[in-house]
Structures are given as structure tokens and as C-alpha cells.
Amino acid sequence: MAAKKPFLNFLKNLDTAAEILQLSEAEKEALATPEAIHETEIEFSRDSGETETVTAYRVQHNSARGPYKGGIRYHHEADLEEVKALASLMSFKCSVVNIPMGGGKGGIKINPKPLSETELESLSRVYFRWGTENGIFGVNKDVPAPDVYTTPQIMSWMLDEHEKILGHKSPGVITGKPLELGGSLGRNYSTAMGGFYVLQKHLAKLGKKPVDTTIAVQGFGNAGSYFAEIAHEAGYKIVAVSDSKGGICCDSDGYFEVKSLKEWKKQAGSFRGNFCEGDTCDIEKMKKSQVKVISNEELLKLDVDVLVLAALDGVVHDENADEISAKLILELANGPVTPEADEILEKKGIEVLPDILANAGGVTVSYFEWVQNRSGDVWEEDYVNAKLKKIMENAYSDLEKAREKFAFQPGSRQAGISWRQAAFIVAIDRIIAAMKLRGTLK
Ligand code: NAD
């Protein structure tokens, strides 16, 4: 598998959409260039009394449509290339679902797993102090949220640090907070719910009923496990799941009860671990549960109706795309299908509902949280979900219209466009329009 190159992947997708839209060089350049890149070394306290220095980033891609919005990730592989890509995709994602926010992303290059609670708190406060004192974060400027290995507790410390410096309350400066500090109902499962609304609309259009639809889910964390639960309750058949240790699939024509999946995962910490120890698997137990243990790579190749990617970026790439047998891919993770794989899948007739549509439910409910915090209101869960459904379905329809519009362009080299290209086109159109209205782009 080739090395990951997330920002280059973004530029590649941007180039394709720019060609279809016949963007000028200035327009393309404006979308390819983040408005601000902040990089620093921050020092936090270890329990030993020593201090440790780590590299921290905040990239602000585009604010023509509203304040920057995007998560903060703690990861030992976080780097500028990745943060730039994710910030750019956030501008596009907010634009696809037509919420008035721009795109940003933050990261700290650290493995947070060995840190104690007090060390995590010190790191989080120092990072947000840097962002507040340097005018990077603000309720009307840049509104972060959780991402990989950052939690509602971390958001709480960051909010507290920000408000201490300001000397007044400003709960809307950060989203993904616990309910007690102004978090929104429905935020914890919003990414999965948003993806589910999109999938449901797509399958209904194809006349495919839940009971006739088999689904494999890669990744069983926040996005994947809530998705499996929601889809199962709606009558879809979850026939395979995986986590970082490997996967399991149904050894029959049946499907999994999501309750059992959760129990297996809880009991052994992983799906595989529930049936195997090292290389030795308990055949009787597998038979009784009608389970077959499979590798992560095997799960990707299963002949299912829908493959839901809810784990990592770059998992479907030029070397394995040809072996994908699913009829449809739903990208709940960010960037799980590379541009090279997109081309291969397109030739095979496999449609991909792209990340900037499919996982935009998370940022949409984050936006709801920001609106509630600024107005002092608290919305009921049903109200949140009804609003989310409408936004996701409208976004899907907007992409459908773009696909129709660009299906048969006279003189165009394109013979129809993918869902990803449609998403980029819709997003670009709105961002460029906002920049032109502001006069920042002529
Ligand atoms: P998470 O950490 O809760 O879950 C990730 C899951 O992936 C875990 O179950 C882990 O075991 C599994 N995993 C790791 N490596 C794997 C592998 N090789 N094969 C199969 N499974 C593997 O993370 P999450 O919040 O669910 O996020 C998952 C993806 O969705 C990320 O790309 C994230 O950026 C994206 N996303 C999440 C949200 C959100 O609100 N949580 C919003 C938008 C996008």
C-alpha cells in the first residue's frame, strides 16, 4: 500500500471538480490554499514534574461561509499534511450540508494513550491557551470539536481554559461538550445517524428494502457501532463487522443481533478475541454462534450490498480496490477511499457515497450545539434528529441535481460524474459564491 498523502488526495479531487466546473486559476488557488496555518511547540506538565514539548497545529482553511469549524486530534502521526487535508475537507463538508460554517482542523503530534488524566488536562489546557491568547479560537472565529482520541472531557477543559482567559462565559467556542456544559442531545450518534439518513434515501431510490440489504461495517467505534445499531433497528442485515484486531462475519444466511456484537466486543475487547486466542480459534463456539472469523482485509472484499467504512483513511486503495465486491460504499470515516481506488471502483460500477456527505451528520449537530449555545436554548432530541434528517436529505438531493446537471455536458470529456465529484462541485459552488460576494475573489 502506497504512503498516505491526504492533502495531495484532496488536491486531486479538487482538480477533477475544477475541470468540470471550469474554474479559473485564481478560484482553484483560493480553494487549494488554507487561509491560515498555525504551528507551534507547546510545553505541558508530566506527573514526574518534568515538562514535555510537542508540536501542535491549527489550520484554518476557508471562512467565507462562516467561522472555521473542525475537530482537534491527538495522534502520534498527526502532521501538517494531514491537518491541512482535514481542514480543507471540513470547509467542503460544511458547504455540502449548507451550514454557515467554514473549515478548520487541529492536531497535536502525540500518542495520548500513555498519558494520565492530569497530563491530558495539562496538554489540553496549554493547547487551548495558545489558541485563545493568539486569537485563533473564538465563538465567532474558529470553533473546534473532538476528533481522534479527544473526548467531551477534553472539550470541557478547553472551554474552561478559554473562559478563564476571556473572563466571561462563551460555551459556543467549542462543541462536542458534555450535556452539562451545553452539549447537544443527539451529538454522540449524529455521525452515524446522518450517514444512515443518506443511505436510506439512496436505497429507497433504488427500491431496495432493508430486509433485502446486507451490510458489512469496518470499524466499531463511535461512528461504526452507532451505525450498526441504527441500521439493525431499521431492519437492515448487519452480516459482518471488524475492529482493529480483525473481523467476524455470519457463517449462514443470517445476520447479527447488534446486542450480541456489543456483548462479544465488551467481553473480549475485540470481535476476534471472543472466538480466538492467538492463532487458536474455538471452532465449537464459532459454530454455535454461527460466526466465521475473518481478517480486516477479507471483510473489505465481502459480497455485500453495502460496505460501511468507519475506521481509518486510505483503507481502499489502488492495490485492493479491484477486489471489492460490495455494490455500494458508505464512507463514515474521513478519506477511506483514495482517488486511485475511486477510479477503479467507478469502472467496476461500485458507487461511493463520499465522506463529505456521508459523515457530515457530526458537524451538522455540532453546528446545532453552537446555535443552541449562542441563543441559550436547549433543543429536544427529536427536534435535533428531525432537523438533521432534513439537512442530510436535502444535501443528498443537491448532489443528485448536480449529477443530473453534469451528466451529459455538451463538449465535456466527462460522461457523468461520481457522487464525490458532485459533492465537491456543490461545495465549491457555494464557497466561491460566498468569496465573490465578499469581494475576496474577483
Ligand atoms: P473510534 O476511535 O471511536 O473508532 C474507530 C474504530 O475503528 C475502532 O473500533 C477501531 O478498533 C477500529 N479500527 C482501527 N483500525 C482498524 C482496522 N484496520 N480495521 C478495522 N477496524 C479498525 O473513531 P470514530 O469516532 O468512530 O471515527 C472513525 C472514523 O470516522 C474516523 O475516520 C473519523 O475521522 C471519522 N469521523 C468520525 C466522526 C465522529 O463524530 N465520531 C465524525 C466524522 C468523521
Side-chain angles (χ1 to χ4, degrees), residues 1 4 6 69-75 77-78 82-83 85-87 89-90 92-94 96-97 103 105-107 112-113 144-152 154-155 175-177 183-184 186-196 198 216-229 240-249 261-262 264-266 268-273 294-302 307-317 320 330-337 354-369 388 392:
M1 183 178 148
K4 289 183 183 176
K69 183 91 197 80
I72 299 166
R73 74 172 45 177
Y74 291 177
H75 200 273
E77 283 177 358
E82 180 184 72
V83 182
L86 292 167
L89 286 171
M90 282 307 295
F92 282 43
K93 198 180 291 186
C94 292
V96 162
V97 284
K105 201 81 182 187
K113 285 186 184 167
D147 192 67
V148 176
Y149 296 133
T150 50
T151 59
I154 289 176
M155 300 303 107
T175 60
K177 301 180 295 293
S184 178
R187 173 63 186 94
N188 48 350
Y189 58 81
S190 54
T191 302
M193 191 58 119
F196 174 74
V198 167
V217 184
Q218 185 201 39
F220 208 72
N222 176 292
S225 67
Y226 275 121
F227 178 87
E229 195 172 335
V241 285
S242 68
D243 55 36
S244 59
K245 303 270 168 30
I248 52 173
C249 70
L261 290 173
K262 286 191 164 168
W264 291 338
K265 175 107 173 123
K266 204 165 143 199
S270 70
F271 295 120
R272 190 178 193 285
I294 53 173
S295 68
N296 284 324
E297 204 53 32
E298 281 168 331
L299 178 127
L300 295 175
K301 298 172 189 166
L302 290 176
L307 173 61
V308 177
L309 301 175
L312 306 170
D313 62 324
V315 290
V316 179
H317 45 80
N320 65 1
L330 182 78
E331 290 188 329
L332 285 188
N334 282 313
V337 178
D355 48 6
I356 58 172
L357 169 71
N359 73 26
V363 72
T364 302
V365 178
S366 267
Y367 156 67
F368 293 167
E369 180 175 334
L388 174 65
M392 298 308 297

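Atoms within each ligand, like the ligands themselves, are counted from 1 in listed order.
- Donor-acceptor pairing under 3.5 Å is recorded for the side chains of Lys93 and Asn359.
- Classification of Glu82 and Lys105 as a salt-bridged pair fails, no side-chain N sitting under 4.0 Å from a carboxylate O.
- Under 3.5 Å, the side chains of Arg73 and Thr150 contain no donor-acceptor pair of N or O atoms.
- Scored by the side chain to side chain donor-acceptor pair (under 3.5 Å) test, Asn222 finds no partners at all (sequence neighbours excluded).
- Using the six-membered ring where Trp is involved, Tyr149 and His75 have ring planes that are parallel, under 30° apart on the 30 and 60° scheme.
- Although no hydrogens or angles enter the test, the distance criterion places a donor-acceptor pair under 3.5 Å between the side chain of Asp243 and the main chain of Phe271.
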Contacts table for ligand 1: protein N or O within a distance under 3.5 Å of ligand N or O, distances only.
| unit_1 | atom_1 | unit_2 | atom_2 | d |
| --- | --- | --- | --- | --- |
| ligand 1 | 3 (O) | Asn222 | N | 2.9 |
| ligand 1 | 9 (O) | Phe220 | N | 3.1 |
| ligand 1 | 9 (O) | Gly221 | N | 3.2 |
| ligand 1 | 11 (O) | Ser244 | N | 3.0 |
| ligand 1 | 19 (N) | Asn296 | OD1 | 3.3 |
| ligand 1 | 19 (N) | Asn296 | ND2 | 3.4 |
| ligand 1 | 21 (N) | Asp243 | O | 3.4 |
| ligand 1 | 26 (O) | Asn222 | N | 3.1 |
| ligand 1 | 26 (O) | Ala223 | N | 2.8 |
| ligand 1 | 30 (O) | Leu332 | O | 3.4 |
| ligand 1 | 32 (O) | Ala311 | O | 3.4 |
| ligand 1 | 32 (O) | Asn334 | N | 3.2 |
| ligand 1 | 34 (O) | Asn334 | ND2 | 3.0 |
| ligand 1 | 40 (O) | Thr191 | OG1 | 2.6 |
| ligand 1 | 41 (N) | Asn222 | OD1 | 3.4 |

